[in-house]
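Each chain gets a letter, A, B and so on, in the order the sequences are listed, and its residues count up from 1. The structure presented is a predicted model; accordingly, all values stated were derived computationally and were not measured.
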Number of protein chains: 2
Amino acid sequence: MDSSTEEKIYEAARRIFILKGMEGARMQEIADEAGMNKALLHYYFRSKENLFKAVFKDIFTKFFLKVKDTLFSDVSAKEKLIVFIDNYVDLIQSNPYVPQFIINEINRDPKVLKTLMFESGIEPQKLLEIFLNKVQLNNQSKLDPRHIVISLLGMLVFPFVARPLLQMVYFNDDKVAYDRFLNERKDIVKNMIFKFIEA
Amino acid sequence: MDSSTEEKIYEAARRIFILKGMEGARMQEIADEAGMNKALLHYYFRSKENLFKAVFKDIFTKFFLKVKDTLFSDVSAKEKLIVFIDNYVDLIQSNPYVPQFIINEINRDPKVLKTLMFESGIEPQKLLEIFLNKVQLNNQSKLDPRHIVISLLGMLVFPFVARPLLQMVYFNDDKVAYDRFLNERKDIVKNMIFKFIEA
DNA sequence: TGAAAATTTAACCATTTAGTTAATCTTTTT
DNA sequence: AAAAAGATTAACTAAATGGTTAAATTTTCA
């Protein structure tokens with residue numbers, strides 16, 4: 001590993017903050033994770049707040065940008081949706097703690113979101129557009145497409161965010177069974193959404 | 001108000017813990033909220049951990065028990081589902097911070113859940129049963145009904161848990177519009193679920 | 001090479017926080 | 001009414017935590 005000290009701090013902070021959140025994380029813990037003296041965190045980032053903001057912006061931006069492209073290809077709405085769901089689930093699966101981390105930190109301090117929205121380059125409207133035409137086409141013109149988008153996101157995100165609870169309650173705490181369950185979800189969710197929008 | 005000191009502490013702790021979580025809450029803050037000396041919290045509850053456990057168990061149990069009955073009436077599965085959704089959304093609407101609070105605290109310490117499950121008297125299987133017959137009836141015998149239940153819960157809970165993010169991203173931070181949106185959700189979700197299970 | 005600049009460390013500081021204690025006030029009991 | 005038990009308070013303690021500092025080490029480069 002030939003990464004710089006600053007990068008090591010950044011990566012360590014990233015891991016710790018995602019797991020424990022801004023308030024739960026300890027500077028000493030991050031220093032230990034990075035394998036160095038705590039004073040170095042302040043030498044490079046001045047304060048915990050500063051370090052957190054840098055890391056959070058990075059996590060937030062990267063997370064949402066990773067699926068953004070899937071909505072720009074020149075294929076049918078249906079195909080776009082399929083690719084989006086596949087990629088989104090893959091993304092969460094390789095960053096299982098990130099959705100809840102983002103939700104928690106935005107709830108803790110919603111102010112940060114406003115600035116982040118513009119700087120990040122994410123385009124949440126793109127996901128809406130998939131359903132905008134689709135819904136009008138099928139005599140459901142009264143239906144706000146945001147209902148479909150938020151239903152979709154809820155179905156995809158919830159099983160990860162509430163995993164410990166759901167795994168215990170509905171899977172007898174069988175980790176393997178729950179992983180199998182998560183792998184089936186892509187197709188289940190596609191199915192549900194299609195059945196709904198294709199009147 | 002003629003509630004006892006212990007009850008005042010309990011109620012204050014309840015409010016503060018729900019808003020800030022176990023780690024974010026301060027004993028002094030709870031004492032202030034209850035309008036009394038901090039030493040009294042220890043006099044009645046010995047430790048923060050103790051106070052939290054008592055409060056958490058109470059919140060967890062009451063929350064889930066409040067909708068449990070809706071699944072025991074002697075009506076059709078469809079009607080049961082309608083009543084469940086109506087009551088569940090009402091329940092969240094009057095306790096908007098509780099779902100995320102429960103999810104966060106269980107993620108922080110999943111051990112508590114195991115004991116809670118048995119002592120609380122909740123019966124999560126009851127919700128499954130609604131779909132168990134329904135699904136087999138419609139040539140979807142391969143479909144695990146847990147997928148429907150978790151989709152349902154995700155669609156209902158997610159808009160509340162991720163409210164600040166969604167309100168900003170999809171509603172231009174218009175609180176009134178988002179409240180209107182939430183009120184429409186009961187029917188939208190019923191519709192989605194029915195379209196899916198009624199092959 | 002050697003001085004200046006950048007990096008790293010150990011020790012320290014100030015504040016916050018859960019928890020304790022001993023004294024005071026209030027209620028109950030005899 | 002007096003003693004005992006219970007409730008409440010202010011002041012305190014010990015540990016944790018974010019942040020600082022001055023000295024030591026390493027790197028840069030004239």
Colleague: Who are the ring pair (Phe, Tyr, Trp, His ring centres under 6.0 Å) partners of B:Tyr170, not counting sequence neighbours?
Modeller: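 So B:Tyr170 forms no ring pair (Phe, Tyr, Trp, His ring centres under 6.0 Å) with any residue.
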Colleague: Under the rule for side chain to side chain contact (heavy atoms under 4.5 Å, CB included), what residues qualify as partners of B:Ala177, not counting sequence neighbours?
Modeller: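 Counting only residues at least two positions away or on another chain, B:Ala177 forms a side chain to side chain contact (heavy atoms under 4.5 Å, CB included) with B:Phe171, B:Asp174, B:Arg180.
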Colleague: Expressed as a whole number of angstroms, how long is the span from B:Tyr43:OH to D:dA7:P?
Modeller: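 Roughly 4 Å, once rounded to whole Å.
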Colleague: Expressed as a whole number of angstroms, how long is the span from B:Lys48:NZ to D:dA16:P?
Modeller: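 Rounded to the whole Å, the gap is 15 Å.
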Colleague: Please state how far atom CD in A:Glu49 lies from atom P in D:dG19, giving the value in whole angstrom units.
Modeller: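 The answer, rounded to whole Å, is 9 Å.
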Colleague: Earliest and latest nucleotide of DNA chain C, 5' to 3', sitting under 4.0 Å from a non-hydrogen atom of chain A?
Modeller: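 Here the contact window of chain A covers C:dA6 to C:dA10.
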Colleague: A:Phe64: which residues meet the ring pair (Phe, Tyr, Trp, His ring centres under 6.0 Å) condition with it, sequence neighbours left out?
Modeller: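 Scan of A:Phe64 (ring pair (Phe, Tyr, Trp, His ring centres under 6.0 Å), adjacent residues dropped) gives A:Phe60.
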Colleague: Base, sugar-phosphate, or nothing for B:Phe45, non-hydrogen atoms under 4.0 angstrom?
Modeller: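 Counting heavy atoms under 4.0 Å across all strands, no contact is made by B:Phe45.
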Colleague: Using every non-hydrogen atom in the two residues, find where A:Glu23 and B:Gly24 come nearest and quote the distance to one decimal.
Modeller: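 Answer, listing the atom of A:Glu23 first, then B:Gly24: OE1-CA, 4.0 Å.
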Colleague: May I have the distance from A:Asp32 (atom CG) to D:dG18 (atom P), rounded to whole angstrom?
Modeller: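 Whole-Å distance recorded here is 12 Å.
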Colleague: Each nucleotide in nucleotides 20-25 of chain D should get exactly one letter: B, S or -. Can you fill that in based on protein heavy atoms under 4.0 Å?
Modeller: BB----
Colleague: Which residues satisfy the side chain to side chain contact (heavy atoms under 4.5 Å, CB included) test with B:Glu33, sequence neighbours excluded?
Modeller: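 Result, side chain to side chain contact (heavy atoms under 4.5 Å, CB included) vs B:Glu33: B:Ala12, B:Arg15, B:Ile16.
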Colleague: Pull out every residue in residues 19-26 of chain B that has a heavy atom closer than 4.0 Å to any atom of DNA chain C, ordered by number, or say none.
Modeller: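 Result for residues 19-26 of chain B: B:Ala25, B:Arg26, sorted by number.
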Colleague: Would you kindly give the CE-to-P distance between B:Met36 and D:dG6, to the nearest whole Å?
Modeller: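 Atom CE in B:Met36 sits about 19 Å away from atom P in D:dG6.
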Colleague: Go through the structure and list residues passing salt bridge (Lys or Arg N to Asp or Glu O under 4.0 Å) with B:Glu6, not counting sequence neighbours.
Modeller: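 Testing B:Glu6 for salt bridge (Lys or Arg N to Asp or Glu O under 4.0 Å), a comparison that skips the adjacent residues, returns none.
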Colleague: Can you sort out the partners of B:Phe45 under ring pair (Phe, Tyr, Trp, His ring centres under 6.0 Å), two or more places apart, ordered by chain and number?
Modeller: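 Ring pair (Phe, Tyr, Trp, His ring centres under 6.0 Å) list for B:Phe45, sorted by chain: empty.
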Colleague: Between B:Phe56 and B:Phe17, does the ring centre distance come in under 6.0 Å?
Modeller: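 They do not qualify: ring centres at least 6.0 Å apart.
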Colleague: Who pairs with B:Asn37 by side chain to side chain contact (heavy atoms under 4.5 Å, CB included), at least two apart in sequence or on another chain?
Modeller: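 Testing B:Asn37 for side chain to side chain contact (heavy atoms under 4.5 Å, CB included), a comparison that skips the adjacent residues, returns B:Ala39.
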Colleague: Could you tell me the separation between the CG atom of B:Leu40 and the C1' atom of D:dT9, rounded to a whole number of Å?
Modeller: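 These atoms are roughly 8 Å apart.
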Colleague: Anything under 3.5 Å between a donor and an acceptor, one on a side chain of residues 147-162 of chain B, the other on a protein residue two or more places apart or in another chain? List them.
Modeller:
{"residue": "B:His147", "atom": "ND1", "partner": "A:Arg185", "partner atom": "NH1", "Å": "3.0"}
{"residue": "B:His147", "atom": "NE2", "partner": "A:Glu184", "partner atom": "OE1", "Å": "2.7"}
{"residue": "B:Ser151", "atom": "OG", "partner": "A:Arg185", "partner atom": "NH2", "Å": "2.7"}
{"residue": "B:Ser151", "atom": "OG", "partner": "B:His147", "partner atom": "O", "Å": "2.7"}

Colleague: Checking B:Phe63 now: which residues fulfil ring pair (Phe, Tyr, Trp, His ring centres under 6.0 Å) with it, not counting sequence neighbours?
Modeller: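 Scan of B:Phe63 (ring pair (Phe, Tyr, Trp, His ring centres under 6.0 Å), adjacent residues dropped) gives none.
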Colleague: Would you mind reading off the distance between B:Leu41 atom CG and D:dA7 atom P, rounded to a whole angstrom?
Modeller: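 Nearest whole value for this atom pair: 15 Å.
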